[in-house]
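I have placed the structure first, in the form of structure tokens, so that the comments after it can refer back to it.
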Amino acid sequence: MTEPLAPRLSVVPYKGTRDFYPEDMQIRNHIFACMRSAAESFGYQEYDGPMLELFELYAAKSGEELVNEQLYHFRDRAERHVAIRPEMTPTVARMVAARINELPRPIRWFSFPNLWRYEKPQRGRLREHWQFNVDVFGVDSIAADQEIIEIAIGVMLRLGAGMEDFSIHVSNRKLLNSFLLDRIGIDDEHRKKVCRAIDKKAKLSVEAFHEMVTDAGLSPGQIDELEAFMNLNWADLDRHSLSDSQGASEIRELFRGLESAGLAGYCRLDPSIVRGLDYYTGTVFEMYDLAPENRRALFGGGRYDDLVGMFAPTRLSGVGFGMGDVTIRDFIDSHGLIPMLPASADVFVTMFDESGQESSRELARHMRQSGLRAISQIEPAKLGKQFKWAAQCRIPIVAIQGPDELVSQQVSLKNMVTGEQVTVLVSESVMTIRRWLGI
RNA sequence: GUGGGUAUAGCUCAGUUUGGUUAGAGCGCCUGACUGUGGAUCAGGAGGUCGAGGGUUCAAAUCCCUCUACCCACCCCA
């Protein structure tokens with residue numbers, strides 16, 4: 001007689017979320033390590049904040065769609081209206097504002113928050129993702145914009161990407177605004193539509209683009225000017241009629257700085273970069289995969305004049321970017337940049353039988369005390385099985401101490417990569433292992 | 001929210017057009033050949049309510065209906 005089975009629960013993770021099994025976690029850690037290293041090399045400090053914030057924090061500035069359709073929110077037991085953070089910027093602005101008078105400026109911070117948005121999942125887009133956020137507050141000059149872009153490039157280089165893999169498209173909101181308002185005289189009413197068309201140009205056919213901007217009220221002459229504007233190279237800015245505008249001079253300054261840093265090759269002026277968020281006021285940039293099958297921006301950022309102002313009377317400018325783990329993972333996947341994952345241990349210590357348990361554990365303990373990562377066979381088993389297990393886990397060295405070795409205080413070490421095997425005194429074993437591993 | 005695709009073993013997939021023995025393959029897993037040595041080879045084994053529910057039929061993985069999940073694209077974004 002068998003009991004009727006209870007209905008089983010699903011093993012599938014909640015829609016739009018991921019399980020990180022150890023092999024996934026290793027890759028995530030690798031990506032985060034590259035990000036952290038890039039930020040720390042510029043002296044940025046890590047911070048974190050709560051995953052829950054009051055709903056009002058986002059209602060104020062985060063944009064209609066994000067709040068109305070994508071926010072996870074609920075009432076807590078005291079009827080407070082609580083939201084799960086969909087982005088980090090409001091939190092960091094709140095944290096900076098709370099200590100606005102004591103923090104030495106510039107403030108250089110980074111974080112790895114997990115963020116939640118109620119989305120329909122698809123490639124590069126899930127409901128929970130981790131986002132590397134880097135911001136510098138309190139610098140009005142373009143030098144900060146350059147530093148932020150340098151960090152972003154630093155992450156890509158650490159991940160193993162090169163000039164042939166990605167490109168950072170840079171523009172400036174002021175430049176776009178001068179062009180639209182002063183140069184060709186678009187009114188506010190049509191500006192949004194034109195911006196949308198500009199933002200989408202790369203994805204549209206020439207005809208579709210023309211239709212879209214004509215629909216937005218542009219004359220054929222204005223369209224010609226717009227297309228010339230969008231093809232501007234930063235070096236051409238000097239000869240352009242917008243040459244004297246503040247946007248143009250900021251762009252020039254930024255590119256001169258990037259050029260002298262040897263980084264101009266990773267960047268190019270692309271006046272079609274708009275970015276959706278309203279709070280950007282100056283430099284804006286997006287990173288694109290140069291592989292043509294991946295057309296969407298992988299990350300982006302820019303300068304925002306005053307996010308802190310919603311909490312404190314002080315104006316404090318900021319520049320920053322956010323980099324999502326989902327898109328970056330897709331990027332390194334498709335560019336063959338997933339590194340060989342290191343094994344979880346340096347050495348596997350075998351065990352023969354009940355009588356060898358103590359000596360086996362003692363040997364592993366000895367190796368750990370010498371700084372090696374050692375895995376013990378937990379209970380006696382066939383040696384072949386133990387070897388197989390070690391090989392499956394790609395542990396590079398197996399230590400064998402059977403009755404033969406035990407009588408003479410020796411241990412046999414097998415290099416699983418080369419197949420070489422030696423028998424040495426226990427006291428010399430760590431040295432041999434270190435030599436084999438090159439550590 | 002709109003549109004398209006997919007669902008069969010742990011994984012990748014045949015089989016569905018034309019309903020018919022006990023639903024298959026490769027890889028992976030377990031056992032043995034091999035009582036002190038992994039990858040190779042050979043032999044054997046475990047593992048499926050064919051996404052779920054209903055219908056048609058003597059008979060359904062296969063035909064019909066409904067639902068669900070996942071993937072992709074649009075919108076928007078990382």
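Reminder, nothing fancy here: chain letters follow the sequence lines and each chain counts from 1.
In this structure, A:Arg196 does not pair ionically with A:Asp215, as no charged nitrogen and carboxylate oxygen lie closer than 4.0 Å. The residues A:Arg85 and A:Asp48 are annotated as salt-bridged, a charged nitrogen and a carboxylate oxygen being separated by less than 4.0 angstrom.
Across every strand in view, B:rG47 sits unpaired, with no contact that passes the Watson-Crick or G-U test at under 3.5 angstrom. Using the Watson-Crick or G-U wobble rule with both distances under 3.5 Å, B:rA73 pairs with B:rU2. With a 3.5 Å ceiling on both atom-pair distances, B:rU16 lacks any Watson-Crick or G-U wobble partner. Across every strand in view, B:rC63 sits in a pair with B:rG55 that passes the Watson-Crick or G-U test at under 3.5 angstrom. Summarising the base pairing, B:rC42 is matched to B:rG32 through a Watson-Crick or G-U wobble pair whose two defining distances lie under 3.5 Å. The nucleotide B:rU68 finds its pairing partner in B:rA7, both defining distances of the Watson-Crick or G-U wobble pair being shorter than 3.5 Å.
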Tell me which donor-acceptor pairs under 3.5 Å the side chains of residues 428-439 of chain A have, and how far apart each pair is, sequence neighbours excluded?
residue  : atom : partner  : partner atom : Å
A:Ser429 : OG   : A:Val426 : O            : 2.7
A:Thr432 : OG1  : A:Glu428 : O            : 3.2
A:Arg434 : NH2  : A:Ser370 : O            : 2.3

Would you give me the side-chain donor-acceptor pairs under 3.5 Å for residues 31-46 of chain A, sequence neighbours excluded?
residue : atom : partner  : partner atom : Å
A:Arg36 : NE   : A:Glu46  : OE1          : 3.2
A:Arg36 : NH2  : A:Glu46  : OE1          : 2.8
A:Arg36 : NH2  : A:Glu46  : OE2          : 3.0
A:Ser37 : OG   : A:Arg158 : NE           : 2.6
A:Ser41 : OG   : A:Ala38  : O            : 2.8
A:Tyr44 : OH   : A:Glu147 : OE2          : 2.6

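The OG atom of A:Ser412 lies 8.0 Å from the CG atom of A:Asp404; values are rounded to the nearest 0.5 Å. The CZ atom of A:Arg268 lies 13.5 Å from the CG atom of A:Leu232; values are rounded to the nearest 0.5 Å. Separation of atoms CZ (A:Arg117) and CD1 (A:Ile84) is listed at 13.5 Å; rounding is to 0.5 Å.
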Encode nucleotides 33-51 of chain B as B, S and - characters from 5' to 3', where the letter depends on protein heavy atoms closer than 4.0 Å: B to the base, S only to sugar-phosphate, - to neither.
S--BBBB------------
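Scanning residues 20-28 of chain A for heavy-atom distances under 4.0 Å to RNA chain B yields an empty list. Contacts between residues 323-335 of chain A and RNA chain B, counted as heavy-atom distances below 4.0 Å, involve A:Val326, A:Thr327.
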Atom pairs, N/O to N/O, protein against nucleotides 69-74 of chain B, distance under 3.5 Å?
residue : atom : partner  : partner atom : Å
B:rC70  : OP2  : A:Lys15  : NZ           : 2.6
B:rC72  : OP2  : A:Arg123 : N            : 3.1

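Between A:Phe285 and A:Phe299, the ring planes lie perpendicular to each other; the angle is over 60°, past the 30° to 60° tilted range. A:Phe55 and A:His81 have parallel rings, their planes meeting at less than 30° on a 0 to 90° scale where 60° marks the start of perpendicular. Using cut-offs of 30° and 60° on the angle between ring planes, the pair A:Phe348 and A:Trp389 is tilted.
Distance noted for atom C1' between B:rC63 and B:rU18: 11 Å (whole Å).
Within the 4.0 angstrom heavy-atom criterion, base atoms lie near A:Glu119.
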